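Just so you know, these numbers come straight off a predicted model, no measurement behind them. Here is how names work: the chains are called A, B, and so on, in the same order as the sequence lines, proteins then strands, and each is numbered from 1.
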Amino acid sequence: MTEATYRGLGGLRALLRGGRRALWRYTGTLFAVFLAQSVLAVACMLGVAMVLTQTFSRLPMFDEAVDGDLVALIWVVRHEPGSFVAIAGVIFAAVIVWQVAAWFLAGGLYGVLAQRPEGRADTVRSFGESGAGTYFAYARLAVVSLLGYMVVLTVFGATLSAAWQRLEYALTLGDLFAALAIVAIPTGALALFFGTVTDYARVELTLRYESHRPSAFATYLRTVGYVLRHPLTVVHAGVGWLLVILVSLAYVYIAHDHPMYGAGGAITLFFVRQGMSLARMAIRVAIMAGQIELGRTRRLPPPRRLEPPQQPTEHAE
Amino acid sequence: MHELLELLVVEPVEAAQDAQVEVSGLRMQRERRVPGLDERGGEQTSGEREIELGVERGRRGDLREHEQHLAVGEHVDGDDRRAALDRADPVVRQRREREVALAPEPLEERGDARLVIDDLVHTGNRIATGAHGIDHSVLRPVVLVLVACGLATACGRDPGAHRVRPLPEPDASPALRGGGPPRSPRIASYRIDATLDPARHTITATQTLRWRNTGGSAVDVLPFHLYLNAFKNESTVFMESSGGVLRGAEATPGRWGWIQLDSVKIASFAEDATATEGTPSPPVGGELASTLRYPGPTGDETVVELPLPRPVPPGGAIELQMAFTAQLPEVFARSGYHGEFHMVAQWFPKIGVRVGPFGAEHWECRPYHAHTEFFADFGTYDVSLTVPSTFVVAATGVLVGATEAPGGTRTFTYRAEDVHDFVWVADPYMEVMSGRALVEDGAVEVRVLYRPEQEAFARRHLAAGIGAIQSFSAQLLPYPWAVMTIVDPPMEAAAGAGGMEYPTLVTTAGDSVFAREGLRLPEYVTVHEVGHNWFGGMLASNEVLEAWLDEGLNDWMDAKVMAELYGPRGNAVDWMGWQADLAALRNAVSTDPGALPSPIATAAFAFADFDAYADASYGKTARAIATLEQIVGPSKLAAAMKAYARTWAFRHPTGSDFFATLARELDQDLTWFSAAFHEVGGIELDVRSAACRPAHPPRGYFGQGSAAKLVTETEAPDTGTYVCEVVITNTGVVHVPVDIELVFEDRSTQRLHWDARGGDHWERFVVERSSPLVEVAIDPDDKLALANPVTHRYRLVPDGSAAMRAGSWFGNVAQMLMQVVGP
């Protein structure tokens, strides 16, 4: 493939097909990463359950709150607000741990998708090598990426301030959506843009780290230009996030007001939730695979070493 | 597969090679020049020989690369994917290595900054030359979508142009529904002619006040409220106590409000008020405006006093003619304008109230404070309002006339009887929606004024208003006036003008996209404000000193009315499967009664802040009345409330009058309940301990000396039953009778009762049952609204299943967040 291959809707289709192929090929890798995430989520769940058990196990009103009684929910939150602060802390810690682990896991995933190893041993080697090799580069990139996200936050604040009165006085869903659009469209577009930049910077670091040793900062800035020149990258990433949102909405629909079976519905709900999480992760991995394909066609980064100026000399073939 | 390999393997190699050619700062040529090669290793060869060597080396390198490319192609042709990949990836690496190897030493290495600059320069060059390669086929639709969204969001709400509507017909009904004799003493009656200037938001008016001295002492000074002066500057009592903010609305800097008395004259004076009843008189005496004095704190002119040249004797009357000018502020505290919407409230000089024992009365007329509302005498109002012809007007009372006036204006004349306030609204865009409320002795015309974009909410307000009038009329006493007007202010003015009550006219609020059908905030506000026509309107208690007597009682009654109109369970919230009853929801969100720093029976201006005033006057009072209701029985309290309403309608009841009426009607001493109103604190019930042990006869040594006998477990075995001990505490200040329900392992229950009205703070219960205790429930029927119910039910054996379910939900949330930040 060349850069010319990935233009327009045809290019988008090619990227999506590439993602699907990669998923089919590396389902084991996907499951392994998902398992790691699930373990962390279960640990978070148990931590939260411990906090709540400590506070509410003797208070039946808490059971009513969990079962959907709005008034009971208000009472229990007011009764022990500290517990809910602790829960927020547990979740925050889990997300931070995942973020740190994700530098390795994402590096491994990108490496596998780039190198296309065959067989389990090769895949494991490739995953580990790439994940370890790019770990600190990804960490540096995460710090650099904060610049972009600060821009997003600034825009969010400015648009929210501009739309606040319209939100406050909205009478119809049309009014509300128009006001939300003022906030959501610029913020969402910038968040998608900078998220895509980060993704393609990771791709660049994965593909070129051994040959060019690009720096995270330079890679990030170069990738800003690259993404600006190639809106297909943003559209492709946007399709991925749209699919993630649709999967989440499907979960809300399935989980709300539909019968759940087994241990009071907990078992069915567990499988529904895990299924939806796996689907979201698969979508993300498929997008990453497409990003690798497109990232290959990028102009190489500038070499670090320069030749000194050439002296004109005569020569004969 | 072949094409796949071509696409995946061969073409990236070619692209890599092409990219190499473009590397900034380097000129990669097939016939490579290798400067400085002649200096390598100190060789001294001829220039031509050196070049030949360099070329040869370059050619070899190119040849190797070419061979590799061919090899890749061969593997692709042979469908040997693995080998092709193995060949492809190192090509680029080799190219770079060769480039480095062929370059002379030493080499300069570019730092990150230089790399970035080079790249930016390269990008700039590409853009300048048009070779930027931006994919417009994708960019174009994205830009179009963004532009379309931007245009859509830029569109705002346009109210449209003014229009002249047909003159409204006067109301057919008299001000008092069905006519009849006066319902109140009619102490202060007003005749006002006012003209609105909507451009400057000013009102110029003349007023004739007839005031009767119904007390037993002579009066030599008349105090008046000039409420609008509260917004005159920052040093007024109102502005200082509110900080320029009230109920979420802020005062607009520079948009001050004030009222100025331009002229005060005595029109007539009578020793006997009845002799001159209804007889107009020419002015008596000269101009008195210069004698006015302002007794309030420095900077506050919300109270003005008029010393009289001679006192009004008991039973006498005085008629004053006044001229005044009022400047409306931009609305933030009940009165003012926003754009072309004018909410004209507390706008005229209003005389104070004589209170106290007969013969020892004093004036109740205090400066306007942020926490206080209003207190005035009943009377009649005949008011003429002149406004531009395009304006729609609504006012207290009934419309008795509407005429065209000079200068493109119209004059609307209203009459109200047996009311203690007069307000009006003028706006050029409002529409009117009407309905009828049926009460026991007739029907009430209910009107809603609304802006067109709020029509859907106007319907909800109309339905709620009709229901409220019918319900309050049935439970207390029939609504006596002919008309009820509900004004739904424009959204931009709702925070300042909405949610306020006046006799026969209320302003509502709660309109919002978030107030979907089933989220009944709009209905609740309307019910609450309409309810004030009883608590505050007819039962005209002193809102300054005893705000709880109208706000709290009304709040308590609202929950009953909402339950009657919208069902017992989901009358506040009934949406997407969530349900909440207003009373329960109010209890859950209101401040813990024990945390309030002042008792309920505190003067409004004496609370620490607005929140303390609101929590005590509204929520805590309502919860206390609801608790009393459950203890004495709903039907008994309902009857007592009806008696209170019918006894004190069109009078000024006090808290003492209220409790005395209840005690008489309920036929019991309510002193035990007074702590809820006169002390800080509430009901703080808790299970201090609950435990069971196997029952058996007593074991151990019994008797003295040689007769002492040891009873062991063998002689006194377990009986197979359980002795359970429960200790209940009440660390609050309100002591009430309370039920306790014990739940046992075999699912049997036992009810106990603790009558703590004697002031006990704890009680121990001991029971013996065949199975152990598993749960204790204090107040199982949720009678005690004044208490925090979370700790009322207690499990002896912990059960973490709900915690696990909640943990699973939070774990799912955490996993979703992880998927946002990571792969």
Heavy atoms only, distances under 4.5 angstrom: which of [options] has the most pairs with chain B? Name it, please.
| options | result |
| --- | --- |
| A:Leu46, A:Leu167, A:Thr53, A:Ile283 | A:Thr53 |
| A:Leu105, A:Leu173, A:Val234, A:Val90 | A:Leu173 |
| A:Gln54, A:His79, A:Arg78 | A:Arg78 |
| A:Leu73, A:Val42, A:Ile87 | A:Ile87 |
| A:Ala49, A:Ser248, A:Gly47 | A:Ala49 |

Non-hydrogen atoms of chain B under 4.5 Å away: do they reach the side chain of [X], the backbone, both or neither?
| X | answer |
| --- | --- |
| A:Met288 | side chain |
| A:Tyr251 | side chain |
| A:Ser38 | both |
| A:Val285 | neither |
| A:Arg58 | both |

Against chain A, label [X] side chain, backbone, both or neither, depending on which of its atoms sit under 4.5 Å from a heavy atom there.
| X | answer |
| --- | --- |
| B:Glu775 | side chain |
| B:Asp799 | both |
| B:Pro490 | neither |
| B:Val687 | neither |

Option in [options] with maximal non-hydrogen atom pairs under 4.5 Å from chain A:
| options | value |
| --- | --- |
| B:Pro789, B:Ala494, B:Gly811 | B:Pro789 |
| B:Ser512, B:Ala806, B:Ala515, B:Ala777 | B:Ser512 |
| B:Ala584, B:Ala814, B:Ala495, B:Ser808 | B:Ser808 |
| B:Ala588, B:Ala802, B:Ala456 | B:Ala588 |

Grab the two heavy atoms, one from [X] and one from [Y], that are nearest each other, plus how far apart they are.
| X | Y | value |
| --- | --- | --- |
| A:Asp69 | B:Trp578 | C-CZ3, 4.4 Å |
| A:Tyr169 | B:Met491 | CE2-O, 3.3 Å |
| A:Val95 | B:Leu817 | CG2-CB, 3.8 Å |
| A:Val76 | B:Val790 | N-CG2, 4.4 Å |
| B:Gln815 | A:Ala41 | OE1-CB, 3.8 Å |
| B:Ala580 | A:Leu70 | CB-CD2, 4.2 Å |

Heavy-atom check, side chain of [X] versus side chain of [Y], under 4.5 Å:
| X | Y | result |
| --- | --- | --- |
| B:Gln819 | A:Arg284 | no |
| B:Asn812 | A:Met276 | no |
| A:Val71 | B:Asn587 | no |
| A:Leu176 | B:Phe514 | yes |

_Test side-chain hydrogen bond (donor to acceptor under 3.5 Å, both in side chains) applied to A:Asp63 - qualifying residues, sequence neighbours left out_ =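 With sequence neighbours excluded, A:Asp63 shows a side-chain hydrogen bond (donor to acceptor under 3.5 Å, both in side chains) to B:Arg795, given in chain and number order.
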
*Considering residues at least two apart in sequence or located in another chain, which fulfil the side-chain hydrogen bond (donor to acceptor under 3.5 Å, both in side chains) criterion with B:Ser590?*
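In terms of side-chain hydrogen bond (donor to acceptor under 3.5 Å, both in side chains), with neighbours along the sequence ignored, B:Ser590 is linked to B:Arg623.
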
*Where along residues 96-103 of chain A does a heavy atom come under 4.5 Å of chain B, listed by residue number?*
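Counting heavy atoms that sit under 4.5 Å from chain B, the residues of residues 96-103 of chain A involved are A:Trp98, A:Gln99, A:Ala102.
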
*Distance (rounded to the nearest 0.5 Å) between B:Arg805 CZ and A:Leu269 CG*: 10.5 Å

*Pair B:Glu492-A:Gln165, side-chain contact (heavy atoms from CB on, under 4.5 Å): steps then yes or no*: CA-CA 9 Å; B:Glu492 298 82 358; A:Gln165 217 173 54; 5.7 Å; no

*Got a sec, which residues hit ring-ring contact (aromatic ring centres under 6.0 Å, His included) with A:Phe62, two or more places apart in sequence or on another chain?*
A:Phe56

